[in-house]
Each structure stands twice: as C-alpha cells, then as structure tokens.
Number of protein chains: 2
Amino acid sequence: MTDHAGPGAGGESLLYLTDEQLRKGIEAMFFAYRGFTADPDRILAENGYGRAHHRALHFIRRCPGTTVNNLLDILGVTKQSLNRVLRTLIEDGLVESRVGNRDKRERHLYLTDKGAELETRLSEVQRERMRAAYRAAGPEAVAGFRKVLEAMMDPQLRAHFNRLKEGG
Amino acid sequence: MTDHAGPGAGGESLLYLTDEQLRKGIEAMFFAYRGFTADPDRILAENGYGRAHHRALHFIRRCPGTTVNNLLDILGVTKQSLNRVLRTLIEDGLVESRVGNRDKRERHLYLTDKGAELETRLSEVQRERMRAAYRAAGPEAVAGFRKVLEAMMDPQLRAHFNRLKEGG
DNA sequence: TTGGAATGTCAACAAGGCTGACATAAACTG
DNA sequence: CAGTTTATGTCAGCCTTGTTGACATTCCAA
C-alpha cells in the first residue's frame with residue numbers, strides 16, 4: 001500500500017499517485033458500493049421496494065419533519081421521481097405527510113411506526129456491514145476512510161452531509 | 001469529527017461504534033459515490049452513453065482480452081444487460097470482439113483506439129477527483145480508505161478486486 | 001454423437017431516472 | 001388588492017438499465 005507519506009507529519013506535501021493506484025481506488029469504490037447496497041437491497045426486494053424508497057426512508061428518519069424540497073436537495077432527483085416514491089410510501093402507511101404550520105404550502109415528512117420499523121431493518125444490516133468493515137480495518141482506517149469520502153463529495157453535497165446530525 | 005478511537009493507539013480492541021456514527025458512515029458512502037460518478041456521467045451523457053457503458057469500458061481496458069463471462073462475473077449483471085451495452089459499443093467501434101483461439105465459443109474483448117480514447121477521457125476526470133480527494137485527505141487516510149472499502153466488499157467481489165493488476 | 005457450456009438474440013417487463021406541461025394553494029411583493 | 005413566486009402534486013411520455021424466459025448457434029469434450 002506504499003504509504004509514501006512524504007517528509008513531515010503534518011503535511012499535504014506531494015503525494016505521488018500513479019494512474020494505476022488511482023484506478024485501483026476507483027475499482028475499490030465500485031466493488032465496495034456493491035457490497036454496501038447488497039444487504040438492504042435483499043430486504044427491499046422482499047417488500048417490493050427499491051433503493052429509491054430506502055433513500056427516502058433513511059433521510060426522513062434522520063431529519064424528521066423535513067420538507068419535500070429539502071429532501072429533493074439531498075437526494076438530487078426530480079420532484080416527479082421523488083413524488084412517485086413518496087406516494088407509495090404514504091399509501092402504504094410508512095410515511096406521514098403533514099401540512100406546515102408556518103407555511104402551509106410545505107409538507108413535513110415523518111416515518112410512521114411501520115415506516116420506522118422497515119427503516120430499522122434496512123439500516124440494521126447496512127450498519128452491520130459498516131461495523132464489520134470498520135472493525136476489520138481498525139480505528140485509524142475509519143478516520144481516513146471518512147476523510148477521503150468527504151473530500152470526494154461535491155461541495156454542495158458536503159454541506160448537506162455536514163449539516164446532518166453527527167452522533168459521534 | 002470526534003474520531004473517538006478508543007483507548008490505546010495500536011489496537012483493534014473494542015471499537016465503540018454508535019448507530020449514529022455508523023449512519024454517518026452510510027451517508028458518507030452515499031454522498032461520496034454521487035461525487036465519484038458525477039464527472040464521468042457528464043461526459044457519458046454528451047456521448048449518449050450511460051454508466052453501464054463506462055463500467056464495460058473500464059474493465060475491458062483493465063483486462064484486455066477478457067471474455068464476456070468474466071466480465072459478467074465482475075459486473076454482476078445478466079448477460080442480456082451486458083450484451084445490450086456491448087452491442088452498442090461494438091457497433092460504435094469502441095470495442096472489438098474477437099473469437100477465441102483455443103475456445104472459439106468465447107469472445108475476447110478489446111478497446112479500439114476510439115474506445116481507448118473515450119475511456120481515457122472518462123477515467124481522467126474520475127482519477128482527478130480521486131487524486132484531489134487523496135491529496136486533501138493525506139497518505140494515511142488513503143491507506144485507511146482502501147482498507148475499509150476492501151473490508152466492505154462481498155468476498156467473491158473482493159477476490160475479483162484483488163485479482164486486478166495492482167499498480168501500487 | 002450427444003450433452004453441456006458459452007454466447008447471442010428476441011420479447012416483455014419494471015424500477016427509477018428524466019423532461020415538459022399544467023394545477024393548486026399559499027405566501028410574498030408592490 | 002393584483003400579480004408573481006414558491007412549494008407541491010400530477011399526468012404523460014421517454015430513456016437506461018436492470019430483470020426473466022425462451023430459443024438458436026457453436027463447439028468442446030466425454
């Protein structure tokens with residue numbers, strides 16, 4: 001893995017990165033993302049949902065009462081796409097949509113108990129995979145992992161990312 | 001970012017991982033993957049291709065002469081899906097399919113000059129994003145990043161991953 | 001020679017992106 | 001108050017990319 005840290009501890013010095021090393025990182029992202037989504041995908045398929053539903057459930061749990069517009073920003077899809085997903089989740093009683101108090105144009109989204117239950121099941125297997133990977137890789141690796149991922153995001157998404165409640 | 005590494009420096013000891021920390025890692029994967037694919041997606045859209053084409057081009061470049069079956073394993077899609085993509089790439093003169101010598105049922109896949117050119121353009125922007133993230137995060141972070149990603153893969157995919165030529 | 005493997009192809013279907021157009025209600029602005 | 005903007009929902013249609021099932025071809029190997 002040739003750390004090749006350059007001179008001092010602190011620094012951004014030059015970091016030699018061959019095309020091959022970078023390609024390997026690209027492939028690592030590709031294969032890891034497959035693993036990352038594999039477990040929840042199975043549960044979703046059993047219940048007749050897809051990844052789009054998972055994403056909505058995840059962020060509604062994380063930001064209870066979020067508006068549709070905020071969710072659109074986070075997910076980066078069109079309102080038509082999101083609406084299709086939300087409609088089924090609401091019809092199926094997993095998500096509740098409440099008209100806003102201050103601004104009655106806005107809809108605030110919440111998980112119902114049933115929605116929270118499915119979200120928990122999905123999240124559980126995914127967290128378990130993360131936990132196992134974190135443990136296998138060790139604490140320093142975890143810190144590095146998150147640094148690189150954060151640096152890889154588009155700035156606007158990084159802002160969203162950092163705005164989400166940090167639990168640790 | 002409160003790394004919270006647990007007691008001593010060295011160890012795998014117990015690594016306390018709250019659900020919130022794990023969720024944050026999940027979100028990091030989600031947002032980072034968006035960034036990861038954003039740049040090539042733009043180039044692909046200009047040329048009327050999609051991510052599936054990119055994946056095929058990437059692995060054909062990495063494994064020149066690979067068979068369709070091998071590619072199916074790596075990509076994890078059905079032969080019908082892959083075939084649709086390969087057909088357009090072959091029709092457009094980006095990929096060449098040569099009948100095998102030893103086993104004439106097999107098709108060996110190669111990029112044409114034109115295909116290599118597009119792959120290079122796609123790869124370039126993606127490598128540039130990786131390079132920037134790696135540099136921003138620092139060498140130790142890169143090592144950790146790859147450790148966690150590798151631990152996150154399904155074993156079978158990890159085997160594929162490790163079989164790919166390592167440039168560093 | 002026959003079975004099975006590797007490949008290709010056709011058809012149909014679904015999820016989940018997209019655009020464009022249009023509707024409604026509420027809020028804001030002058 | 002009139003007009004505009006904002007937030008949301010909805011309809012219709014299109015595309016990519018995944019799926020399954022069925023079937024043809026080719027050819028290695030027993």
Side-chain angles (χ1 to χ4, degrees), chain A residues 30 33-34 37-38 40-60 65-92 95-110, chain B residues 30 33-34 37-38 40-60 65-92 95-109 122:
Chain A
F30 171 68
Y33 200 78
R34 290 258 300 278
T37 54
D41 279 356
R42 276 186 281 271
I43 297 175
L44 287 162
E46 287 169 18
N47 291 64
Y49 296 117
R51 265 183 218 177
H53 302 87
H54 186 187
R55 290 196 284 264
L57 291 173
H58 177 98
F59 285 108
I60 294 172
T66 185
T67 64
V68 173
N69 249 352
N70 184 41
L71 210 48
L72 285 176
D73 270 0
I74 290 175
L75 297 178
V77 297
T78 60
K79 62 174 180 170
Q80 293 91 330
S81 278
L82 177 57
N83 201 258
R84 183 168 36 195
V85 165
L86 283 180
R87 204 186 316 159
T88 73
L89 291 175
I90 290 168
E91 278 170 7
D92 296 353
V95 166
E96 194 189 344
S97 161
R98 296 186 208 148
V99 173
N101 288 333
R102 290 195 329 207
D103 187 334
K104 290 177 183 169
R105 291 170 304 180
E106 292 180 339
R107 307 299 150 99
H108 297 274
L109 302 169
Y110 300 87
Chain B
F30 172 68
Y33 200 78
R34 290 257 300 278
T37 54
D41 279 357
R42 276 186 280 273
I43 295 175
L44 289 161
E46 287 169 18
N47 292 64
Y49 296 118
R51 266 183 217 177
H53 301 87
H54 185 187
R55 291 196 285 266
L57 290 173
H58 177 98
F59 286 107
I60 294 172
T66 185
T67 64
V68 172
N69 249 355
N70 184 41
L71 211 47
L72 285 176
D73 270 359
I74 290 176
L75 297 177
V77 298
T78 58
K79 61 176 178 169
Q80 293 88 335
S81 273
L82 177 57
N83 201 257
R84 183 167 36 196
V85 165
L86 284 180
R87 203 187 319 157
T88 72
L89 290 175
I90 292 168
E91 280 170 6
D92 296 355
V95 167
E96 194 189 345
S97 162
R98 297 186 207 148
V99 172
N101 289 333
R102 291 195 327 206
D103 186 336
K104 291 179 184 170
R105 293 167 302 181
E106 292 179 341
R107 309 297 149 102
H108 298 273
L109 302 169
L122 293 169

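The sequence lines fix the lettering, A, B, ..., with proteins before strands; numbering per chain opens at 1.
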Whole angstroms only, please: what is the CG-P distance between B:Leu82 and C:dT9?
12 Å

Starting at NE2 of A:His54, measure out to CD1 of A:Ile43 and round the result to the nearest 0.5 Å.
8.5 Å

Which nucleotide in C:dA27, C:dA6, D:dT19 has an atom nearest any side-chain atom of B:Asn69
C:dA6

Rounded to whole Å, please give me the gap between CZ in B:Arg84 and P in C:dA12.
14 Å

Send over the distance from B:Arg51 CZ to C:dG16 P, rounded to a whole Å.
14 Å

Selection from C:dA26, D:dG18, D:dT8 that lies nearest to any side-chain heavy atom of B:Val77:
D:dG18

Give the rounded distance in Å between these two atoms: CG of B:Asp73 and C1' of C:dA6.
13 Å

How close or far is atom C1' of D:dT16 from atom CG of B:Leu44, stated in whole angstroms?
12 Å

When all nucleic acid strands are considered with a 4.0 Å heavy-atom cut-off, which category describes A:His53: base, sugar-phosphate, or nothing?
sugar-phosphate

Reading DNA chain D from 5' onward, which residue's closest nucleotide shows up sooner: A:Gln80 or A:Arg105?
A:Arg105

CG of A:Asn101 versus C1' of C:dA25: gap in Å, rounded?
16 Å

In whole angstrom, what separates B:Lys79's NZ from D:dT19's P?
13 Å

Just how far is it from atom CG of B:Asp41 to atom CZ of B:Arg34, taken to the nearest 0.5 Å?
10.5 Å

Check the distance between C:dT7's C1' and B:Leu72's CG and give it to me in whole angstrom.
10 Å

Selected nucleotide, minimal atom distance to A:Asn83 side chain, candidates D:dT19, C:dT7, D:dG9:
D:dG9

